[in-house]
Amino acid sequence: MKSEAILFAGVAVFFLFTDALYTWWAREPAGTAALTVALVMSGVIAFFCAMNYRRKGRRPEDVPGAEVRERAGTLDFFPPHSAYPPVTAVGMALMGVGVVFGLWLFLIGCGVMLAGVFGMVFQFTDVEV
């Protein structure tokens, strides 16, 4: 993860300089906003990779002489079938249609979407919702 953190930090620095130059010469808000969002997004990815490297250390992929078997084993917990992702998608669709047809439909979509998100978050915990 260290090499990925350095790579995305370099991308963030590139967007920082590009954003500064574009803001100075173009003085156009849409391009400045787009470059600022790209800067923030690449910075977030660089921060995530750096924190993962600091917390977990080097991966077998980062060691030049590593064997394939060093990466074998359980990677993580992947949940089985769940009804909550489609509920979240329906909520987002209702929110999108609600932007066109009215606030009432948007608010219903917010409720359905929040129910789906909370369901996904708390589905495999011991917390009763």
side-chain hydrogen bond (donor to acceptor under 3.5 Å, both in side chains) partners of [X], counting only residues at least two apart:
{"X": "Glu67", "answer": "none"}
{"X": "Ser82", "answer": "Gln123"}
{"X": "Tyr53", "answer": "none"}
{"X": "Ser3", "answer": "none"}

Counting only pairs under 3.5 Å, give me each side-chain donor-acceptor contact of residues 85-102, with atom names and distances, residues two or more places apart or in other chains.
{"residue": "Thr88", "atom": "OG1", "partner": "Tyr84", "partner atom": "O", "Å": "2.9"}

*Fellow cluster residues of Phe17, listed by chain then number, with links counted only when side-chain atoms sit under 4.5 Å apart*: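 Val13, all in the cluster of Phe17.
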*Sorted by first residue and then second, give each salt bridge (charged side-chain N to carboxylate O under 4.0 Å, His left out) pair with at least one member in residues 94-104; sequence neighbours left out.*
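Listed once each, the pairs would be none.
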*Tell me the salt bridge (charged side-chain N to carboxylate O under 4.0 Å, His left out) pairs involving residues 2-31, sequence neighbours left out?*
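Sorted result for residues 2-31: Glu4-Arg59.
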Test side-chain contact (heavy atoms from CB on, under 4.5 Å) applied to [X] - qualifying residues, sequence neighbours left out:
{"X": "Ala46", "result": "Phe8, Ala9"}
{"X": "Ala50", "result": "Ala5"}
{"X": "Ala12", "result": "Leu39, Ser42"}

May I have the list of side-chain donor-acceptor pairs in residues 104-114 shorter than 3.5 Å, sequence neighbours left out?
none

*Please check if Val11 and Phe14 belong to a single hydrophobic cluster, counting links between Ile, Leu, Val, Met, Phe, Trp and Tyr side chain heavy atoms closer than 4.5 Å.*
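Yes; Phe14 is reachable from Val11 via cluster members.
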*More than 12 heavy atoms from other groups under 6.0 Å of CE on Met51*: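 Atom CE in Met51 is packed in, count exceeds 12.
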*If you measure from CH2 on Trp24 to OG1 on Thr32, what distance do you get to the nearest 0.5 Å?*
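These two atoms lie 13.0 Å from each other.
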